[in-house]
Amino acid sequence: MQNMNYYYDFSGQKFGYPLSLSINGFSRSVFSRQSSLEISYILKGEYEAVTADFSCMLRERDLIVIAPDTMHMICPKQEACKETVILTIHVDFARMSDAMAGDSTNAFHTVVCAEDKNRDFYIRLKQKIGELLAMLMKGRDNLYELNAIMMELVRLAAIQQDFSMEDLPLHSDSHENYMKAIQYIDGHYHEELTLSDIARQLSFSLSYTSKLMKRYTGIPFVKYLAAVRVRASLEELLEGRSSIEQIAAGCGMPNAKAYTAAFKELYGILPSDYRKQFRQNLKYGSKAPLQKMQKMALDEEQKALLRHFVEESQMPVYEDPYISIQKTGSEVVCRVHQKAFKVSMETDADGTLVIRFPAQLS
């Protein structure tokens, strides 16, 4: 996340809420494996999305849904565009009750969609994301409305297996061994851990284990382990109660210097700056008895980047060459396209607004 020009973060993580939304400008490859459902939409530029099952180029206005626990990598294509800006939504099922989360492990599949690929799913998902953006852009702060939008996003993503999917399998017997390796790392990253430890635990040769990690992650084992440790430390970092030295020790890094270097390699900024930015985005009111949250507001440049998303997500109620009526969220918008005639408006006795047009329009 090196380019901070469009940076925005609406995160429920600080408060135990499952939904997060961010806008980031990427200028380097970033890989991730998270327990949450991830939905990413390309606002500017293009990048290659790589998983263990497929790789695919994503261009402006394309969308990808990434299933929980799916290792994936983002590779920006800078020669095509100087800036790559991505809108990302995470729904963290670990922050829901079991009754709300359901079987999140098996309910989702990773799928790429666009205007010409999985179009029906693309339109419905984009329209719901547009409602979420409209809510944030207008500063509405209704928890139940936010809950409804979040769960509708989950519902839509959970049924996407009914649509055709991007599926380019690698047909490799080593994939199961790779999954065993990363699962072992996930359970022991906070300990002193070497590639030899993993090879010995899984009864693999050292050279095979090294090639396995490099093949599926695209980076050496040492960098992968450092990134796992850094990602595992994010919640403690954002809480702001521990020093960088304490955080480094807690996640298994040898010292604060190594932790800081790994963090900057992964996110493009120092961990102290990352924490500072987060604390500026989400502040507590010191005088408010309930510590009311003050959320970071979208600036005009961010709104301009998102405006097409919100406008295109509006649901048409009626449309002809002269007038269109669209519903977005709780609002109904009426637009008149022809200015060469007179329009009269009046209010009935019951308070109904009546708009009258000529019977024939030229």
Side-chain angles (χ1 to χ4, degrees), residues 1 6-26 30-43 47 49-51 58 62-74 84-98 100-113 121 125-126 128-133 135-136 143 145-158 160 186 227-228 230-239 263 266-268 274-275 277-278 281-282 293 295-296 298 302 306 309:
M1 185 180 66
Y6 295 95
Y7 178 71
Y8 172 83
D9 187 13
F10 172 85
S11 178
Q13 176 179 348
K14 185 81 171 180
F15 308 95
Y17 189 71
L19 180 68
S20 297
L21 180 148
S22 63
I23 301 173
N24 292 312
F26 290 92
V30 176
F31 69 93
S32 177
R33 178 174 175 266
Q34 297 172 327
S35 60
S36 57
L37 173 69
E38 180 176 320
I39 303 171
S40 291
Y41 178 84
I42 316 306
L43 292 167
Y47 72 79
V50 182
T51 74
L58 297 174
D62 286 354
L63 192 153
I64 183 170
V65 176
I66 300 187
D69 295 315
T70 299
M71 173 62 72
H72 58 284
M73 183 182 297
I74 296 173
T84 301
V85 185
I86 305 171
L87 166 72
T88 304
I89 295 171
H90 284 103
V91 179
D92 186 357
F93 298 104
R95 300 180 185 277
M96 296 183 183
S97 67
D98 292 341
M100 290 292 292
D103 185 11
S104 59
T105 303
N106 300 309
F108 305 93
H109 296 287
T110 298
V111 59
V112 175
C113 53
F121 177 51
L125 196 59
K126 188 177 176 183
K128 192 55 58 175
I129 296 172
E131 290 184 24
L132 174 60
L133 290 172
M135 180 180 178
L136 296 177
L143 179 61
E145 183 180 0
L146 194 63
N147 288 343
I149 294 173
M150 175 181 65
M151 294 311 296
E152 184 63 12
L153 282 172
V154 171
R155 185 190 73 84
L156 288 171
Q160 52 82 19
D186 286 348
V228 170
V230 166
R231 291 189 183 281
S233 73
L234 285 180
E235 187 167 351
E236 185 177 4
L237 176 68
L238 297 180
E239 282 180 352
F263 195 101
L266 187 60
Y267 289 102
Y274 185 90
R275 176 157 61 184
Q277 181 68 53
F278 185 88
N281 294 346
L282 296 172
M293 179 177 63
K295 297 186 295 296
M296 176 181 177
L298 286 157
Q302 292 163 339
L306 298 172
F309 205 130

Work out which heavy atom in T84 is nearest to a heavy atom in Y47; give both atom names and the distance. CG2-CD2, 4.2 Å
Side chains of L19 and I149: does their closest heavy-atom pair fall under 4.5 Å? no
About how many Å separate CZ of R155 and CG of L125, when rounded to the nearest 0.5 Å? 10.5 Å
Student check: side-chain heavy atoms of I89 and Y41 closer than 4.5 Å: no
Write down the atom of R95, the atom of P18, and the distance for their closest heavy-atom approach. O-CG, 3.9 Å
Tell me, do V65 and F108 make a side-chain contact under 4.5 Å, heavy atoms counted? no
Does a side-chain heavy-atom distance below 4.5 Å link L58 with V112? yes
Are any side-chain N or O atoms of T110 and backbone N or O atoms of A67, one a donor and one an acceptor, separated by less than 3.5 Å? yes
Considering only heavy atoms from C-beta outward, does the side chain of E131 approach that of E145 to under 4.5 Å? no
Is a donor from one side chain sitting under 3.5 angstrom from an acceptor on the other, for N147 and Y17? yes
Would you check if I86 and L43 make a side-chain contact, meaning some heavy-atom pair closer than 4.5 Å? no
Do you know which two heavy atoms are closest between L132 and L21, and how far apart they sit? CD2-CD1, 3.6 Å
Nearest heavy-atom approach of F93 to V154 is CE2-CG1, 4.0 Å
Which atoms form the tightest heavy-atom contact between S36 and V91, and what is the distance? CB-O, 3.1 Å
Any side-chain heavy atom of M150 sitting closer than 4.5 Å to one from M96? yes
Side-chain heavy-atom pair L87, L133 within 4.5 angstrom cut-off: yes
Gap separating the CG atom of L63 from the NZ atom of K126, nearest 0.5 angstrom: 8.5 Å
